[in-house]
Every structure is written in structure tokens, then in C-alpha cells.
Amino acid sequence: MGINLDKVKEAMENYIGSEEHKKEIKKMEHDEFLKNRNIEKIRNMSIEERSNFIEKVYNKYRSDEYRERELKAGYYEARNSLYDVILDYGIKYGKLSSYNLNEHFPEEQYDIDGKFIVGIMYGQGSYVYVTPIEKDEVVPHIISNDEVEVYKPNGELLIKTDSELMFDDIRIQIAEKHLSGYYIIFKGEKREIQQNGYVEFQKGLFNKSLMLLATLIRLRGKKENITN
């Protein structure tokens, strides 16, 4: 027997706007409020406080005592709801990373203060995990620029890209061919690409490499001051 699409549509229309639907929306809004509140609580901690908090959670969930208590309570897998809170924080304020990724299952992970990796592995039974970062370990971070939209003179989108090399190549072509009318939109602001390929400076436009270089120079300066 096939599905009666008309009845399905009718049921959905009756549900939308109903008291049950309104209660579900309120519950979702409340859950989102609690999630954001927990995220900001962790953010307002100092790095040391945040690290101590995550370490305590990590040690608790790995302890035999906790796992045995969860098994006795009837849970086949020990619950780790605080990992979900830490993951929410990592997604918003951590650094997207590529640290010992599993070759067989897709996952995403975040570096928190260079102290812990929090991630989620997707599969038949997705789970969240936390891993300490050793002091002598280097974590590859996935860094990309914010996307910029490049438009043709007629207003048609040419491309949306986060590649500075691709953007520079477009500017070179415009300069070589002495074209006019091309422009970009970045974070809601419009800037013309002049015939010589020049674009007026805009804060945040392909500045990630400069920010990283500035950090490297600052750290190098600190080391030189220590050695002198």
C-alpha cells in the first residue's frame, strides 16, 4: 500500500501552528538558549580555568568508576553530555583542525587553546571525543580566508572564492586587459576593481596570512628579547 501524500500534507498542515508545534518550538528555543549560555560560560573562563575544566571532564569520563556506574544504571555506553557542551564551544571558538584524522570515518575536530582536541566522528553511531594535546605536539589547523564575491560589469556573479591566489589572478587579468566595471562584495560592502587591478583596502579581506605572519614576527621578537 502506497503513501497517501494528500493525507500526509493534511497532517503536516494541521500540525503547523498547533499547540504541540508551539511547545516543540519553545523547547527548541530553550535548548538553544541553554547551549549558548554554556558556551559563553566556558568562553568567560581563563585559559587555565578552561583547561582545568576540560581535564576534569576528560578524567571523569575515562575513569573505571564512572563507566561501571553508568553500566549499573543500564547504559551500554557511558554518557558524556559535557563533551557535547565542549564541542559546541569548540565549534564556535576553537580552531578547525586536522589532527590524527580517522581514515575510514568522516569527522570534524577543533583545537581548544592548544590544550585539547574536541571532535565528533560520524558513522552508524556518531560520538564526541576529547583528546589532550601533548606539549611537544603540533596540530595542523584548517585555515581559510572569508569568501569574497566577484561580479562582472553586468552584475552577474563571476565567482565566490576564499582563494587569494585565484582572486589575485582575476585582478591580473583585469589589469592586463584594461577592463572596467568589475567589482567585489565582501561582508556586504562593495568595492570596485580598478583597471590596474587595484582594490581599495577592506578590513578582513584576505588578511589571514598577514595575521599569521604578524604573530610569527611577534613570537620571534619575544624569543630574541629573552636571549639578549
Side-chain angles (χ1 to χ4, degrees), residues 32 35-36 38-63 77-150 159-170 184 186-187 202-223:
E32 186 68 16
K35 184 181 86 169
N36 290 328
N38 288 332
I39 289 172
E40 295 309 314
K41 277 185 179 179
I42 297 175
R43 188 192 182 200
N44 290 331
M45 297 177 182
S46 66
I47 293 177
E48 183 179 0
E49 290 171 336
R50 192 158 44 241
S51 297
N52 289 338
F53 164 70
I54 297 174
E55 185 176 11
K56 285 180 181 178
V57 173
Y58 174 77
N59 290 334
K60 173 185 175 180
Y61 287 160
R62 285 175 57 85
S63 69
E77 292 285 347
R79 294 168 295 175
N80 55 7
S81 57
L82 286 175
Y83 276 1
D84 294 328
V85 176
I86 296 169
L87 177 64
D88 289 335
Y89 172 82
I91 290 172
K92 188 167 184 179
Y93 293 114
K95 294 180 179 179
L96 186 63
S97 304
S98 177
Y99 176 79
N100 291 340
L101 290 175
N102 188 289
E103 295 180 2
H104 306 290
F105 296 97
E107 61 181 298
E108 61 179 290
Q109 57 181 223
Y110 300 87
D111 177 348
I112 298 180
D113 301 320
K115 307 288 187 180
F116 290 91
I117 291 290
V118 59
I120 180 169
M121 186 174 294
Y122 300 101
Q124 204 164 12
S126 301
Y127 71 93
V128 177
Y129 61 89
V130 168
T131 303
I133 300 172
E134 299 297 331
K135 289 183 179 180
D136 60 350
E137 284 187 300
V138 172
V139 176
H141 295 146
I142 301 171
I143 302 173
S144 60
N145 288 293
D146 295 326
E147 285 189 325
V148 60
E149 298 173 352
V150 183
I159 194 168
K160 181 187 288 187
T161 182
D162 63 2
S163 168
E164 185 173 8
L165 294 175
M166 182 178 287
F167 182 62
D168 286 344
D169 178 65
I170 289 171
I184 67 168
F186 181 70
K187 294 187 176 180
Q202 189 173 353
K203 185 178 180 181
L205 180 62
F206 294 117
N207 69 339
K208 293 289 177 69
S209 58
L210 289 175
M211 291 172 65
L212 292 170
L213 181 59
T215 301
L216 185 61
I217 292 171
R218 176 174 55 81
L219 292 172
R220 189 170 62 194
K222 277 187 177 181
K223 184 177 180 181

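Between I184 and F167, some side-chain heavy-atom pair lies under the 4.5 Å cut-off. At least one side-chain heavy atom of K92 sits less than 4.5 Å from a side-chain heavy atom of E40. Here the side chains of N80 and Y127 are not in contact, with every heavy-atom distance at 4.5 Å or above. Side-chain atoms of Y89 and K41, non-hydrogen and from C-beta on, never get closer than 4.5 Å to each other. Under the 4.5 Å side-chain criterion, counting only non-hydrogen atoms from C-beta, N38 is not in contact with K35. At least one side-chain heavy atom of L212 sits less than 4.5 Å from a side-chain heavy atom of I143. N52 places none of its side-chain heavy atoms less than 4.5 Å from the side chain of E49. The side-chain heavy atoms of I91 and Y110, taken from C-beta on, include a pair separated by under 4.5 Å.
Judged purely by atom type and a 3.5 angstrom limit, Y61 uses its side chain to pair as donor or acceptor with the backbone of L82. S163 contributes no side-chain N or O that, together with a main-chain N or O of T161, makes up a donor-acceptor pair within less than 3.5 Å. At distances below 3.5 Å, not a single donor-acceptor pair connects side-chain atoms of D169 with backbone N or O atoms of L165. No donor-acceptor pair closer than 3.5 Å links the side chain of K208 to the backbone N or O of N145. Put simply, the side chain of E107 never gets that close to the backbone of G119: no donor and acceptor are under 3.5 Å apart.
Between K115 atom NZ and T131 atom OG1 the span is 16.0 Å, to the nearest 0.5 Å. Taken from CZ in F206 to CZ in F186, the straight-line distance is 7.5 Å, to the nearest 0.5 Å. Taking CD1 of I54 as the start and CD1 of I112 as the end, the distance is 4.0 Å to the nearest 0.5 Å. In this structure, the separation between CD1 on I47 and CE on M45 is 13.0 Å, given to the nearest 0.5 Å. Expressed to the nearest 0.5 Å, how far CD1 of I39 lies from CG of L87 amounts to 9.0 Å. Distance check, rounded to the nearest 0.5 Å: CD of E48 to OG of S51 gives 8.0 Å.
A side-chain donor-acceptor contact under 3.5 Å links Y99 and E137.
Annotation for Q109 and S98: closest pair OE1-C, 3.3 Å, computed over non-hydrogen atoms. Of all heavy-atom pairs spanning I142 and S97, the tightest one is CD1-O, 3.6 Å. Shown here for R50 and R43, the closest heavy-atom pair between the two residues is NH1-O, 3.3 Å. Across G90 and V118, no two heavy atoms sit closer than the pair CA-CG1, 4.3 Å. Pairing each heavy atom of V138 with each of P140, the nearest pair is O-CD, 3.7 Å.
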